[in-house]
Amino acid sequence: MSSSSSSSENNRSDAQCDRDPAIHSEGRSPSHAPRAFSLTLVATPIGNLGDFSPRAVQALAAADVVLCEDTRTTARLLIENGISVRTEALHEHNERQRVPALIERLQNGTHIAVVSDAGMPLLSDPGYRLVRAAIDAGVSLTVIPGPNAALTALVLSGLPPHPFMFVGFPPPRSAARKESFAKLHAAERAGLSATLIWHEAPHRLAETLADMAEIFGPTRPAAVARELTKRFEEVKRASVAELAAFYAENPPRGEITLLLGPAEETETTQDDLDTTLRTLLETHSVKDAASLAATAAGLPRRTVYARALELAAERKKEG
């Protein structure tokens with residue numbers, strides 16, 4: 001799939017933008033040049049190298065060092081764009097330990113750029129601890145925006161684009177995954193109405209969709225976006241149960257973004273839950289009543305169990 005070409009206005013250089021007040025109504029000062037900031041977060045392509053912006057190239061070329069998730073992956077991007085700069089690894093296993101020394105280097109005048117293997121740094125990728133520490137230390141920082149798989153999938157999905165909630169990766173184990181889904185479903189019953197977005201590994205997609213159908217209901221509209229911006233880009237749109245069945249028979253490959261449409265308005269209230277629990281408590285233990293009610297309502301077991309204990313205590317006082 002070919003990448004979309006930018007408009008001539010978007011391709012103007014920073015210098016041209018500085019001279020044209022119509023482009024930025026608030027105006028721009030020379031401090032917006034890449035090297036004016038100590039720390040620069042740079043978005044990288046999620047598949048198509050043609051999506052790497054001229055500003056991103058400029059920012060990496062101007063840096064003293066580029067921190068990257070995988071130096072081998074970033075090396076290919078640098079070579080493709082004729083950039084020669086020192087690279088160092090910054091990933092989930094070393095970020096916490098590296099932050100103090102990196103902050104010291106930033107304060108001593110080193111210009112550092114941060115990239116992930118694909119997309120925006122920090123979003124399911126390393127960088128948050130460094131950014132938080134930089135803000136606390138008063139280090140100047142900026143972002144060179146660009147490709148993002150979650151937003152790309154959202155606009156392709158056909159699901160309501162706003163509000164939306166990006167959740168990251170679901171837990172890898174089914175029990176924890178269902179619990180995290182149940183918490184979101186509880187938030188929906190409390191008023192949350194948004195398109196939900198996750199990334200998921202291809203070998204877990206079918207199981208995740210099945211768990212989603214169990215917790216959120218089988219008829220919820222959903223979409224699976226695969227290999228975005230790449231040659232075999234694909235978006236499948238159907239109910240969550242239909243997608244679960246499809247991918248159980250057709251194991252996917254590649255990078256995957258999973259989206260779930262917002263819940264329909266429901267009449268379920270706290271009174272409904274209490275009525276269900278009171279009925280169950282007449283014939284079941286607190287634990288069993290809470291488990292059954294939580295499954296029926298799609299709510300976290302701990303939350304329902306706590307309410308069941310309260311109702312059981314009330315029944316005991318009344319009796």
Side-chain angles (χ1 to χ4, degrees), residues 157 159-160 162-201 203-224 237-249 258-319:
S157 68
L159 298 170
H162 55 78
F164 70 88
M165 180 177 176
F166 175 64
V167 192
F169 278 87
R173 296 183 181 277
S174 180
R177 193 161 55 229
K178 287 180 181 178
E179 183 176 355
S180 71
F181 290 164
K183 289 178 180 178
L184 287 170
H185 195 36
E188 289 180 335
R189 291 182 177 276
L192 174 68
S193 179
T195 294
L196 305 177
I197 309 173
W198 296 264
H199 295 319
E200 184 54 292
H203 65 277
R204 287 196 295 265
L205 178 62
E207 293 180 359
T208 295
L209 284 163
D211 289 344
M212 198 172 285
E214 179 179 336
I215 300 301
F216 293 101
T219 61
R220 284 281 286 273
V224 172
R237 309 167 184 88
S239 73
V240 65
E242 290 170 331
L243 289 172
F246 176 82
Y247 286 108
E249 295 293 328
L258 171 60
L259 305 96
L260 186 72
E264 295 182 2
E265 291 187 11
T266 177
E267 297 297 326
T268 301
T269 64
Q270 182 68 48
D271 290 341
D272 296 325
L273 176 61
D274 287 357
T275 298
T276 300
L277 282 171
R278 286 192 177 99
T279 301
L280 289 169
L281 285 168
E282 292 178 2
T283 54
H284 293 76
S285 67
V286 172
K287 180 179 179 181
D288 290 344
S291 179
L292 289 168
T295 300
L299 296 172
R301 281 180 170 77
R302 291 180 182 177
T303 301
V304 178
Y305 182 70
R307 183 56 181 161
L309 285 173
E310 293 174 357
L311 294 177
E314 291 178 6
R315 289 181 74 238
K316 189 173 181 180
K317 287 181 180 179
E318 294 170 358

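In this chain, residues are counted from 1 in sequence order. From a predicted model like this one, the values you see are computed outputs, not experimental measurements.
Annotation: side chain to side chain contact (heavy atoms under 4.5 Å, CB included) contacts of Ser193 (sequence neighbours excluded): Pro262. Scored by the side chain to side chain contact (heavy atoms under 4.5 Å, CB included) test, Ala201 finds His203, Arg204 as partners (sequence neighbours excluded). Partners of Ala248 by side chain to side chain contact (heavy atoms under 4.5 Å, CB included), not counting sequence neighbours, listed by chain and number: Ala206. For Glu207, there are no side-chain hydrogen bond (donor to acceptor under 3.5 Å, both in side chains) partners, not counting sequence neighbours. Among residues two or more places apart in sequence or in another chain, the side-chain hydrogen bond (donor to acceptor under 3.5 Å, both in side chains) test is passed with Thr279 by none. Judged as a ring pair (Phe, Tyr, Trp, His ring centres under 6.0 Å), and not counting sequence neighbours, the contacts of Phe216 are Phe181, His185. For Ala245, there are no side chain to side chain contact (heavy atoms under 4.5 Å, CB included) partners at least two apart in sequence or on another chain. With sequence neighbours excluded, no residue satisfies side-chain hydrogen bond (donor to acceptor under 3.5 Å, both in side chains) with Glu179. Considering only residues two or more places apart in sequence or on other chains, Arg301 meets the salt bridge (charged side-chain N to carboxylate O under 4.0 Å, His left out) condition with none of them. Annotation: side-chain hydrogen bond (donor to acceptor under 3.5 Å, both in side chains) contacts of Ser285 (sequence neighbours excluded): Asp288.
The CG atom of Leu184 sits 7.5 Å away from the CG atom of Leu192 when rounded to the nearest 0.5 Å. For the atom pair CG (Leu159) and CG (Leu260), the distance works out to 8.0 Å, reported to the nearest 0.5 Å. Of the inter-residue distances, the one linking Glu200 atom CD with Leu205 atom CG reads 6.5 Å to the nearest 0.5 angstrom. How far CG of Leu280 is from CG of Leu311: 11.0 Å, rounded to the nearest 0.5 Å. Glu242 contributes atom CD, which lies 12.5 Å from atom OH of Tyr247 (distance to the nearest 0.5 angstrom).
Contact detail for Ala293 and Val304: the closest heavy-atom pair is CB-CG1, 3.9 Å. Scanning all heavy atoms of the two residues, the minimum distance from Ala308 to Val286 falls at CB-CG1, 3.8 Å. Here the shortest heavy-atom pairing between His284 and Ala289 reads CB-N, 4.0 Å.
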Q.
Working note: Met212 + Trp198, criterion side-chain contact (heavy atoms from CB on, under 4.5 Å); need CA distance, chi angles, decisive distance, verdict.
A. CA-CA 12 Å; Met212 198 172 285; Trp198 296 264; 3.7 Å; yes

Q: Could you walk me through whether Met165 and Thr195 pass side-chain contact (heavy atoms from CB on, under 4.5 Å), step by step?
A: CA-CA 6 Å; Met165 180 177 176; Thr195 294; over 6 Å; no

Q.
Checking Leu259 against Leu196 for the side-chain contact (heavy atoms from CB on, under 4.5 Å) test, could you report, in this order, the C-alpha distance in whole Å, the side-chain angles of both residues, the deciding distance, and whether it holds?
A. CA-CA 6 Å; Leu259 305 96; Leu196 305 177; over 6 Å; no

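For residues 212-222, the salt bridge (Lys or Arg N to Asp or Glu O under 4.0 Å) pairs, not counting sequence neighbours, are Lys178-Glu214, Glu188-Arg220.
Taking a cutoff of 4.0 Å between a charged side-chain nitrogen and a carboxylate oxygen, Arg307 and Glu310 qualify as a salt bridge.
Within the 4.5 Å cutoff, no side-chain heavy atoms of Ile197 are placed close to those of Leu258.
Heavy atoms of other residues, nucleotides or ligands lying less than 6.0 angstrom from CZ of Phe164 number 12 at most.
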Quick one: side chains of residues 166-174, donor-acceptor pairs under 3.5 Å with protein atoms, not counting sequence neighbours, listed by atom name and distance.
{"residue": "Ser174", "atom": "OG", "partner": "Asp211", "partner atom": "OD1", "Å": "3.3"}
{"residue": "Ser174", "atom": "OG", "partner": "Asp211", "partner atom": "OD2", "Å": "3.0"}

